Q: 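One structure, as structure tokens, below. Some questions next.
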Amino acid sequence: MSVETETMSRRVSGSSILNNPTVRSIVIQVSLIVFLVGFTWWIVDNTARNLAAANIASGFGFLWSRAGFDIAITPVAYTSNETYGEAIVIGILNTLIISAAGIALATILGFLVGIGRLSGNFLVRMLSTVYVEIFRNIPPLLVILFWYFGVLSVLSGPRGLEESPIGVYLTNRGLQIPSIIFGALAWASFAAFVVGIVAAIVIAQRNKKHQLATGERKPILWTALALILGLPILVFIVTGLPAVLEFPTANRFNLAGGIQVRPEFIALWLALSIYTGAFIAEIVRAGIMSVSKGQNEAASALGLRRGQALRLVVVPQAFRVIIPPLTSQYLNLTKNSSLGLAVGYPELVAVGSTVLNQSGQSIEIVCIWMAVYLTISLSVSFFMNWFNSKMALVER
């Protein structure tokens with residue numbers, strides 16, 4: 001009888017251990033980790049064996065080999081004698097530039113159209129709705145091709161252009177605008193600009209603390225403008241205007257001087273901004289509509305005009321709803337920049353494809369693509385999450 005009792009107690013003890021949620025979760029997690037490690041090892045080993053069988057060298061040593069190809073758009077100095085690694089860096093910089101420019105324009109456009117969709121003006125509301133419904137339902141690649149082949153490519157060439165009084169020319173070779181040539185003392189104006197921004201931020205924070213303490217909001221708009229714009233202009237004048245404008249001039253066959261913005265960049269920038277702006281507009285509209293009508297009524301009771309109520313009451317509260325999906329649209333725009341390959345914009349994927357075709361290092365190039373886009377996406381997410389935490393309401 002004692003033996004049966006001891007056997008029964010062991011069975012009950014064993015079943016109780018398996019039914020323990022903590023033990024069961026540890027066993028499941030350890031098993032999953034072992035499976036993932038084994039699966040990853042199998043993929044790496046199988047890939048290495050296949051590369052060895054095909055006599056293909058693996059590793060990232062090819063990045064220090066001579067590239068031997070030119071890149072049309074280079075934010076920094078680059079020649080065909082540079083290495084593959086430097087060529088990929090150019091692609092990364094171009095990706096960051098087009099992504100930042102696209103995010104800026106898409107945000108402005110999205111907010112304007114999103115507010116326009118709630119406008120009391122019938123024409124503004126309908127135009128905003130038509131814009132959203134058209135571009136939200138068209139693939140971004142078609143929008144890029146439309147701007148490149150349907151708009152920019154059909155413009156006239158630079159040959160025989162009439163002289164522009166403002167020095168701005170738009171041709172099938174892109175946008176030619178005046179450039180600024182800075183002198184030796186130009187750094188003082190930039191330093192004054194940075195100092196003005198820092199001072200304006202400090203004043204705004206103090207004004208916010210004063211408002212929380214007393215309920216009084218002091219007007220600081222003109223003070224901030226004087227610091228951010230007036231101070232650099234004053235320093236610029238005092239230092240003897242250390243900058244001159246170089247205007248592009250139209251000669252018989254081409255344009256000379258100034259800055260040239262290539263049509264590939266313009267097409268990709270406008271397409272990504274307009275496409276993403278349609279989604280941001282719906283996010284903004286939903287965020288504004290999530291704010292209760294009582295907030296508008298309270299703002300009206302305080303004597304605030306419609307624009308003031310929107311800027312000071314509605315939009316700050318709508319940010320709680322707007323920011324999380326807005327982050328996803330920023331990430332989508334950054335990843336959609338890889339479509340620049342279709343029109344010849346030398347972003348990361350386009351440059352990487354050229355390197356892949358010349359070196360044959362397909363796995364390494366794909367790993368670089370994944371690592372770069374993952375790093376950019378995590379950086380954007382981290383910043384937006386920080387911004388979201390700053391905009392969140394804090395209970396007292």
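What you see is a predicted model, and the numbers here were worked out from it, not measured in a lab. Sequential numbering from 1 along the given sequence is applied to the chain's residues.
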Q: For residues L112 and I134: do they belong to one hydrophobic cluster (side chain heavy atoms under 4.5 Å, members Ile, Leu, Val, Met, Phe, Trp, Tyr)?
A: no
Q: Can you name the closest pair of heavy atoms from L109 and I274 and give their distance?
A: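 In terms of heavy atoms, the two residues are closest at CD2-CA, 4.0 Å.
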Q: Quick check against the 3.5 Å criterion: does N388 have a side-chain atom that pairs as donor or acceptor with the backbone of M384?
A: no
Q: Examine distances only and state if a side-chain atom of S290 and a backbone atom of G287 form a donor-acceptor pair shorter than 3.5 Å.
A: yes
Q: Grab the two heavy atoms, one from Q260 and one from R173, that are nearest each other, plus how far apart they are.
A: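 Q260 and R173 have their closest heavy atoms at NE2-O, 2.9 Å.
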Q: Looking only at non-hydrogen atoms, find the nearest pair between A199 and L227 and report the distance.
A: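 Taking A199 first and L227 second, the nearest heavy atoms are CB-CD1, 3.8 Å.
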Q: Tell me whether M370 is reachable from L356 by hopping between hydrophobic residues (I, L, V, M, F, W, Y) whose side-chain heavy atoms are closer than 4.5 Å.
A: yes
Q: Going only through I, L, V, M, F, W and Y residues with side-chain contacts under 4.5 Å, is there a path from L268 to I259?
A: yes
Q: Using modelled atom types and a 3.5 Å cut-off, is there a donor and acceptor pairing between side-chain atoms of T83 and backbone atoms of E86?
A: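 Flag set: sc T83 to bb E86 pair under 3.5 Å.
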Q: Does any non-hydrogen side-chain atom of Q176 lie less than 4.5 Å from one of T171?
A: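 No, side chains not in contact.
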Q: Test side-chain contact (heavy atoms from CB on, under 4.5 Å) on N137 and E133 and set out the steps.
A: CA-CA 6 Å; N137 295 290; E133 295 301 329; 3.7 Å; yes
Q: Transitively linked via ILVMFWY side-chain contacts under 4.5 Å: F190 with I180?
A: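 Yes, F190 connects to I180 through the hydrophobic network.
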Q: Working to the nearest 0.5 angstrom, can you tell me the gap between I103 CD1 and I108 CD1?
A: 12.0 Å
Q: From F382 CZ over to F387 CZ, what is the distance, rounded to the nearest 0.5 angstrom?
A: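 If I round to the nearest 0.5 Å, the distance is 14.5 Å.
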Q: Less than 6.0 angstrom separating the ring centers of F279 and F135, yes or no?
A: no
Q: Assess whether atom OH of Y373 is packed by more than 12 heavy atoms of other residues, nucleotides or ligands within 6.0 Å.
A: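 Yes - once you tally the heavy atoms of other residues, nucleotides and ligands closer than 6.0 Å, there are more than 12.
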Q: Take S379 and T375 through the test side-chain contact (heavy atoms from CB on, under 4.5 Å) and record every step on the way to the result.
A: CA-CA 6 Å; S379 301; T375 302; 4.3 Å; yes
Q: Taking the six-membered ring for Trp, are F265 and Y345 parallel (under 30°), tilted (30 to 60°) or perpendicular (over 60°)?
A: tilted
Q: Apply side-chain contact (heavy atoms from CB on, under 4.5 Å) to V321 and I288, showing your working.
A: CA-CA 9 Å; V321 180; I288 293 176; over 6 Å; no
Q: Between I144 and A267, which heavy-atom pair has the shortest distance, and what is it?
A: O-CB, 4.2 Å
Q: Answer yes or no: is there a side-chain heavy-atom contact under 4.5 Å between F193 and V195?
A: no
Q: Parallel under 30°, tilted from 30 to 60°, perpendicular over 60°: which one fits the rings of W386 and F383?
A: tilted
Q: Got a list of side-chain donor-acceptor pairs under 3.5 Å for residues 334-343, not counting sequence neighbours?
A:
| residue | atom | partner | partner atom | Å |
| --- | --- | --- | --- | --- |
| T334 | OG1 | Y330 | O | 3.0 |
| N336 | ND2 | N332 | O | 3.2 |
| S337 | OG | T334 | O | 2.5 |
| S338 | OG | K335 | O | 2.8 |

Q: Can you confirm whether I115 sits close enough to S119 that some side-chain heavy atom of one is under 4.5 Å from a side-chain heavy atom of the other?
A: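 SC-SC contact between I115 and S119 ruled out.
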Q: Output yes when a side-chain donor or acceptor of R320 lies under 3.5 Å from a complementary backbone atom of Q317, and no otherwise.
A: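 Side chain of R320 to backbone of Q317, a donor-acceptor pair under 3.5 Å: yes, one is there.
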Q: Once rounded to the nearest 0.5 Å, what's the spacing between atom OG1 of T74 and atom CG of N94?
A: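 Rounded to the nearest 0.5 Å, the OG1-CG separation comes to 8.0 Å.
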Q: Report the distance from atom CG of L348 to atom CD1 of I90, rounding to the nearest 0.5 Å.
A: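 Answer rounded to 0.5 Å: 12.0 Å.
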Q: How would you list, by chain and number, every residue that makes a ring-ring contact (aromatic ring centres under 6.0 Å, His included) with F146, sequence neighbours excluded?
A: none
Q: Ignoring hydrogens, what is the shortest heavy-atom contact between A188 and T239? Give both atom names and the distance.
A: CB-CG2, 4.2 Å
Q: Spell out, as yes or no, whether a donor-acceptor pair under 3.5 Å connects the side chain of W147 to the backbone of L152.
A: no
Q: Identify whether the distance between the nearest side-chain nitrogen and carboxylate oxygen of E82 and R66 falls below 4.0 Å.
A: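 The answer is no: the pair does not qualify as a salt bridge.
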Q: Are the side chain of N172 and the backbone N or O of V154 linked by a donor-acceptor pair below 3.5 Å?
A: no
Q: Any heavy-atom pair between the side chains of P346 and Y78 that's under 4.5 Å?
A: no
Q: Under 4.5 Å between side-chain heavy atoms, counting indirect links through other Ile/Leu/Val/Met/Phe/Trp/Tyr residues: same cluster for V27 and I33 or not?
A: no
Q: Verify side-chain contact (heavy atoms from CB on, under 4.5 Å) between F122 and V124, making sure each step is shown before the conclusion.
A: CA-CA 6 Å; F122 174 78; V124 173; over 6 Å; no
Q: Does the side chain of S359 reach to within under 4.5 Å of the side chain of S65, using non-hydrogen atoms?
A: no
Q: Can you tell me how far the CG atom of L142 sits from the OH atom of Y275, to the nearest 0.5 Å?
A: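 Output value for this atom pair is 10.5 Å.
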Q: Check for a donor-acceptor pair, side chain of D70 on one end and backbone N or O of T79 on the other, with a separation under 3.5 Å.
A: no
Q: Between R125 and R117, what is the shortest heavy-atom contact and its length?
A: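 Scanning both residues completely, I find the closest heavy atoms to be CG-O, 3.3 Å.
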Q: Within this structure, what is the CG-OG distance for the pair L272 and S99, rounded to the nearest 0.5 Å?
A: 8.0 Å
Q: Given the rule in the side-chain hydrogen bond (donor to acceptor under 3.5 Å, both in side chains) test, do T276 and Q329 qualify, once you have shown the distances and angles that lead to the verdict?
A: CA-CA 7 Å; T276 308; Q329 294 305 319; 5.3 Å; no
Q: Are the side chains of V355 and L63 in touch, meaning some heavy atoms are under 4.5 Å apart?
A: no
Q: Please tell me whether Y84 and Q358 have a donor and an acceptor in their side chains that are separated by less than 3.5 angstrom.
A: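 Present: a donor and an acceptor within the cut-off.
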